[in-house]
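So that the names make sense, note that chain A is the first sequence line, chain B the second, and so on, each numbered from 1.
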Amino acid sequence: MEESTSKEANTVRSLNFIEEIIEEDLRMGKNECRVHTRFPPEPNGYLHIGHAKSICLNFGLAKKYNGKTNLRFDDTNPVKEDIEYVDSIKEDVKWLGFDWEDREFYASDYFEQLYEFAVILIRKGKAYVCDMSAEEMSESRGTPTRPGRENPYRNRTIEENLDLFTRMRAGEFPDGAKVLRAKVDMASPNMHMRDPVIYRILHTSHHRTGDKWCIYPMYDFAHGQSDSIEKITHSICTLEFEVHRPLYDWLIQEIGIYAPRQIEFARLNLSYTVMSKRKLLELVQEKQVRGWDDPRMPTICGLRRRGYTPESIRNFADLIGVAKRDNVIDISLLEFCIREDLNKRAMRIMGIINPLKIVLDNYPDELVEEMAAVNNPEDPSAGSRKVPFSKELYIEHEDFMENPPGKFFRLAPGREVRLRSAYIIKCESVTKDPVSGRILEVHCSYDPATKSGMPESNRKVKGTLHWVSVKHAITAEIRMYDRLFMVESPDNAEEGKTYKDFLNPDSLEIKTGFIEPSVRNAIPGQKYQFERLGYYSVDYDSTPDKLVFNCVVPLKDSWSKKEKTK
RNA sequence: UGUCCGAUGGUGUAACUGGCAACACGUCUGCCUCUGGAGCAGAAGAGUCUAGGUUCGAUUCCUAGUCGGACAACCA
């Protein structure tokens, strides 16, 4: 005991590289020793498990160092954004268990300020209005290995630029006619420094600012400054923004405002799924799945609907760690997290998915007994419930074999087996369809002395089966899910193939199950362990008349695994 | 043929900042069990991309190379 506590005390968890940077900054007394992070989504899609990693990171860091985290929407592109997405993002962050308090911000809140920043740049001769078309611009920008060319508009006077930019804002020019560019260095080895566009004309109304603006800042001109305005101390983002950092630094330096410290980490990849907003959107639009919250989707709302808990996702985010190298996390780690959580909390019930009828020949025809069943062996406080037992029962079809192999511990002719929370039964005979040879029902005898809880019930038998009384069972729709893709990395498609070629045609299987009556009033979101099968969550489609369950994750099954590897 | 970033078991992350590699998932044994779940006990699995160098000593530092990733949207 003492040893174990001292062992735990000695296991000081090592810091990840971001925590190391933060602690170093704290030691140096930077930012008055504040830690202030932010989660900055663009409201143009639903959040997925990769965002969950970032959310847990940002909010977790602030919590650890007594700081704050803002929720800020980087809503600089009205053509792709929508209020639907901001609502879903807020819901998802909240559901994950994080609170941004009163700090819900929008880059669009800063449009006026950003405009002023642009004017500062123009006045300093560090920005100019450019009339080139997108094609011309891309042509003159060069390539990563070849420097770009300077263009004639680069040398417009400050006065002319000021005038033109004012008229851009006033709506004098059509979309695409002009842009405002930062004047940095057309020969920079970093493409982002080759006079990047910082404002474009878009006569599109914005979900928050309406028609107030017809010019909108580019992300690169809004993101860093927004962090600066919010006095973010550590701007944590994914690796692909590493090359943008010199631009952000340049902008902030030239404008002369507070400089946050940007730290980049590797985004999450999960095996057997895709993680890009674009691809997830395609799956939704092409109806490959039933929507953003389809339980097969790696979206947060999909995982929620599937039956994942916020705790399990937070724990997952914790276990995967943070680093800069590319990674692909095995989906089995996510599954481990939800099993671990639900094992401690989910009520156990009995349900049959592939029914096989058994008849207890020596059981009184009309008798119904109420069997006491433990709700959760992991949690004594969960109590117990009554489950009706009668002469005719359903068991799982896979739990019976006529000619079983060696290590089969379940029901077979002449064999005894325990019915969970009930009696030990013995298989006496099998009735088959004379034509097809299919097993119709199995006849058994029960041993009245072995009722669960009774003194003589301790007899050891090899197997225990779950069951449900035929006349008391309620039916339910059971949605079984398999991985969405058949290969580990659907993104790495060989020539001529796309991730969609690897979609698993059997990722959804709908079955009708027979469930014990105690769950009749189950409400959507309620989670259960169907004993010996897996964890199931009541779907939103469920009604009192028609229960619908989602299989969250099956229980580990060392028997079927052994069979499969044979 | 550029710039930046990275490289540790099947996977992910560590290694107290130079002292012969740890934790978790997964895998495999055994025990236990009225869930073949859970739990318990144990095992296998990397000598840290390569080659040099510094050092008594390198996963940690230096150099060169190899491999992988990111970057050429009026997207974010």
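Going from the C1' atom of B:C25 to that of B:U17 covers 28 Å, rounded to whole Å. Rounded to a whole angstrom, the distance from the P atom of B:U63 to that of B:U27 is 43 Å. Taking atom P on both B:U13 and B:C49, the two are 14 Å apart, rounded to the nearest angstrom. B:G68 sits 22 Å from B:U60 when the P atoms are compared, rounded to a whole Å. Going from the C1' atom of B:A70 to that of B:C74 covers 22 Å, rounded to whole Å. B:C62 and B:G26 have their C1' atoms separated by 38 Å, with the value rounded to a whole Å.
Applying the 3.5 Å distance criterion, the base of B:G36 shares a donor-acceptor pair with the side chain of A:R410. Within 3.5 Å, no donor on the side chain of A:E264 pairs with an acceptor on the base of B:G6, nor the reverse.
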Verdict with reasoning, A:E335 to A:Y535, per side chain to side chain donor-acceptor pair (under 3.5 Å): CA-CA 11 Å; A:E335 294 179 341; A:Y535 295 99; over 6 Å; no
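By the criterion of a centre-to-centre distance under 5.5 Å and near-parallel planes under 30°, the ring of A:F336 forms no stack with the base of B:G26.
In summary, the side chains of A:Q262 and A:E264 do present a donor paired with an acceptor at a separation below 3.5 Å, with no hydrogens or angles considered.
Using the six-membered ring where Trp is involved, A:H223 and A:F241 have ring planes that are parallel, under 30° apart on the 30 and 60° scheme.
For A:M218 and B:A72, the CE to P distance is 11 Å, given to the nearest whole Å. A straight line from CG of A:N315 to P of B:C25 spans 11 Å, rounded to a whole angstrom. Taking atom CZ of A:F409 as the reference point, atom C1' of B:U35 lies 14 Å away to the nearest angstrom.
Base pairing of B:A21 is not made with any nucleotide, judged by Watson-Crick or G-U wobble geometry with both donor-acceptor distances under 3.5 Å. When both pairing distances are held under 3.5 Å, B:C40 makes a Watson-Crick or G-U pair with B:G30. Across all strands shown, B:A7 pairs with B:U66; the Watson-Crick or G-U wobble distances both stay below 3.5 Å.
Within 6.0 Å of atom CZ in A:R267, 12 or fewer heavy atoms from other residues, nucleotides or ligands are found, so the atom counts as exposed in its surroundings.
In this structure, A:R325 reaches the B:U13 phosphate: one of its side-chain N or O atoms is under 4.0 Å from OP1 or OP2.
Between A:R348 and A:F530, every side-chain heavy-atom pair lies at or beyond the 4.5 Å cut-off.
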